[in-house]
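Read the structure below first, then the notes.
Below, chain A is the first sequence line, B the second, and so on; all start at residue 1. All values derive from a computational prediction rather than experimental measurement.
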2 protein chains.
Amino acid sequence: MDRKLTQRGEERRNQLLAFATSRFAQKGFHPTSVAEIVEGIGVGKGVFYWYFDSKEALLQAILVDAQRDLRRRQRSAMVGAETPMERIERGVRASIQWSVEHPEHFRLVQFAASDERFSQGVHKGQQVAVRDAAAHIDDAMAAGEIPKADPELLAQMMIGVHTHLVHLIHQGLVESTSEVIDAAVGFCIHGISGRTS
Amino acid sequence: MDRKLTQRGEERRNQLLAFATSRFAQKGFHPTSVAEIVEGIGVGKGVFYWYFDSKEALLQAILVDAQRDLRRRQRSAMVGAETPMERIERGVRASIQWSVEHPEHFRLVQFAASDERFSQGVHKGQQVAVRDAAAHIDDAMAAGEIPKADPELLAQMMIGVHTHLVHLIHQGLVESTSEVIDAAVGFCIHGISGRTS
DNA sequence: CGCCTTCTTGACTGTACGGTCAAGTACGGT
DNA sequence: ACCGTACTTGACCGTACAGTCAAGAAGGCG
């Protein structure tokens with residue numbers, strides 16, 4: 001939906017986005033109705049459909065924004081890193097931090113990855129992230145910092161650690177202290193630095 | 001629902017369980033209707049409600065069975081292991097292998113962990129698994145095999161690697177060869193063996 | 001075979017939902 | 001103030017859904 005919006009329109013659209021993000025994350029996408037969303041911000045149902053073609057279109061918009069924001073964060077965290085391993089470490093940290101700060105967006109991306117209607121776009125975004133991380137891992141291998149192995153597979157494993165840790169933090173089972181994040185980063189760094197014989 | 005069933009009844013109930021497992025995993029729990037399930041096995045809607053009180057009850061039954069089966073598998077894999085590290089390694093392998101062999105059950109457990117109606121039971125089961133793994137990690141630390149750190153946090157990180165890898169295998173992005181599984185096990189073993197300074 | 005118990009059918013019920021759109025209101029510019 | 005455009009309302013529509021249950025069929029046993 002490429003409607004030109006006034007500032008007022010943009011504000012209303014953002015209000016819908018924000019409320020839906022929160023409610024979808026809390027209750028799930030499917031169990032959350034359009035009626036509930038409009039009621040939550042005190043508008044009529046037609047407002048919803050002025051801005052979004054469908055409930056799915058709303059979620060897509062949320063997902064696109066979230067993934068763009070995360071990528072921006074990772075990129076800016078790596079600026080100034082001097083070695084591949086430093087870039088990897090900064091990338092992992094930035095991801096974890098962004099995810100901890102945006103629990104709802106994080107949760108919706110995870111949901112979308114598992115739902116056949118939404119997974120395609122999300123997987124594409126994740127593939128980009130994996131390839132970027134793998135390139136840094138490859139650089140670290142070429143520089144002799146770590147032993148050779150499949151860089152994409154290692155990148156995926158780091159993402160597994162990150163994802164799970166963030167889930168735990170959101171569940172309140174783990175605190176998002178710097179010690180915990182250091183431990184996760186350490187686990188990953190040592191995981192890619194070691195090697196089965 | 002504690003209905004006593006004949007053999008014929010057990011067979012019908014199992015048919016419902018099996019079909020629903022597959023369809024829920026493929027389409028999602030919410031987007032799958034009871035009507036679709038009964039149509040899938042060619043019975044009337046009343047059959048469903050003879051065996052299960054609700055759609056939710058059906059999913060709960062699936063989840064309970066899956067988690068019980070996985071626990072059994074892990075336990076039997078560790079029989080005969082002589083060191084804590086060996087037990088850890090066998091446990092990780094058994095989990096990955098079970099998950100690869102039961103993609104649908106795995107997927108439903110993941111879904112359930114994220115849905116507020118189902119997450120309580122699933123989290124309890126996962127807590128048991130984490131505690132068990134942490135006890136082995138603790139043993140390995142006490143035996144001087146690995147440096148000291150928070151054993152439950154390390155157990156969680158290993159679970160993150162396992163979960164993510166299994167997702168990738170189910171998506172066809174990674175093959176479930178023994179090399180890949182070895183790499184994941186290696187990543188975890190080195191992840192817990194290393195240490196941030 | 002008759003009887004009792006265990007299933008099985010599927011029409012029905014009430015509720016909920018995503019989406020539509022004619023009529024109306026608000027806003028911004030001249 | 002007027003006009004045109006950008007929103008906004010909410011009744012409505014058709015469809016879908018989870019769950020109910022009276023009537024019937026099937027199976028098992030004596």
Side-chain angles (χ1 to χ4, degrees), chain A residues 1-63 108 111-112 115-118, chain B residues 1-63 108 111-112 115-118:
Chain A
M1 167 161 297
D2 295 318
R3 199 186 288 276
K4 263 194 191 306
L5 297 174
T6 64
Q7 168 147 358
R8 181 175 69 133
E10 285 291 349
E11 283 164 6
R12 179 68 81 197
R13 187 175 179 277
N14 286 336
Q15 191 183 15
L16 281 165
L17 283 168
F19 188 85
T21 297
S22 178
R23 191 56 63 92
F24 285 157
Q26 186 245 318
K27 285 192 61 174
F29 172 75
H30 292 297
T32 301
S33 64
V34 170
E36 185 176 341
I37 293 166
V38 294
E39 193 186 330
I41 63 175
V43 298
K45 205 139 158 215
V47 171
F48 184 96
Y49 291 100
W50 175 259
Y51 294 100
F52 302 100
D53 287 334
S54 63
K55 198 165 98 166
E56 277 76 25
L58 170 58
L59 181 60
Q60 285 288 16
I62 292 167
L63 294 170
L108 292 182
F111 160 73
D115 186 280
E116 65 188 4
R117 247 157 317 185
F118 302 105
Chain B
M1 170 164 294
D2 296 318
R3 199 185 288 277
K4 263 193 193 301
L5 296 173
T6 62
Q7 168 145 1
R8 182 175 69 133
E10 286 290 350
E11 282 165 8
R12 178 66 84 196
R13 186 173 180 276
N14 286 334
Q15 192 183 14
L16 281 164
L17 283 167
F19 188 85
T21 297
S22 178
R23 192 55 65 90
F24 285 158
Q26 186 244 320
K27 285 190 64 174
F29 172 76
H30 293 296
T32 301
S33 64
V34 170
E36 184 178 341
I37 292 166
V38 295
E39 192 188 329
I41 63 174
V43 299
K45 205 135 159 222
V47 172
F48 184 96
Y49 292 100
W50 175 260
Y51 295 99
F52 301 98
D53 286 334
S54 64
K55 199 167 94 168
E56 278 76 25
L58 170 59
L59 181 61
Q60 285 286 16
I62 292 167
L63 294 170
L108 291 182
F111 160 73
D115 186 278
E116 66 189 4
R117 247 156 318 185
F118 301 105

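Across the protein-nucleic acid pair, A/Lys55 atom NZ and C/dT20 atom C1' stand 17 Å apart, rounded to whole Å. When rounded to the nearest whole Å, the span between OH of B/Tyr49 and C1' of D/dA22 equals 18 Å. Between the CD atom of B/Gln15 and the C1' atom of C/dT8 there is a distance of 13 Å, given to the nearest Å. B/Glu39 has its CD atom 13 Å from the P atom of C/dT9, to the nearest Å. Rounded to a whole Å, the CD atom of B/Glu11 is 14 Å from the C1' atom of C/dT6. Atom CZ of A/Phe52 is separated from atom P of C/dT20 by 15 Å (rounded to the nearest Å).
Taking the six-membered ring where the residue is Trp, A/Phe29 and A/Phe118 present perpendicular rings, their angle passing 60° and hence far from 30°. Classified by interplanar angle (parallel below 30°, tilted 30° to 60°, perpendicular above 60°), the ring pair B/His30/A/His30 is tilted.
Pair assignment for C/dT30 gives D/dA1, based on Watson-Crick or G-U wobble hydrogen-bonding distances that are each under 3.5 Å.
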Should A/Glu11 and A/Gln7 be marked as a side chain to side chain donor-acceptor pair (under 3.5 Å) after you check the CA-CA gap, both sets of side-chain angles, and the distance that decides it? CA-CA 6 Å; A/Glu11 283 164 6; A/Gln7 168 147 358; 3.3 Å; yes
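Salt-bridge formation is not detected for the pair B/Glu116/A/Lys27: no Lys NZ or Arg NE/NH1/NH2 atom is positioned less than 4.0 Å from an Asp or Glu carboxylate oxygen.
Although no hydrogens or angles enter the test, the distance criterion places no donor-acceptor pair under 3.5 Å between the side chain of A/Arg23 and the main chain of A/Ile37.
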Could you give the side-chain donor-acceptor pairs of residues 14-21 of chain A under 3.5 Å, partners two or more places apart or in another chain?
| residue | atom | partner | partner atom | Å |
| --- | --- | --- | --- | --- |
| A/Asn14 | ND2 | A/Glu10 | O | 3.3 |
| A/Gln15 | OE1 | A/Arg12 | NH1 | 2.6 |
| A/Thr21 | OG1 | A/Leu17 | O | 2.7 |

Contact state string [nucleotides 2-16 of chain D, B base, S sugar-phosphate only, - no protein heavy atom under 4.0 Å]: ----SBBBB------
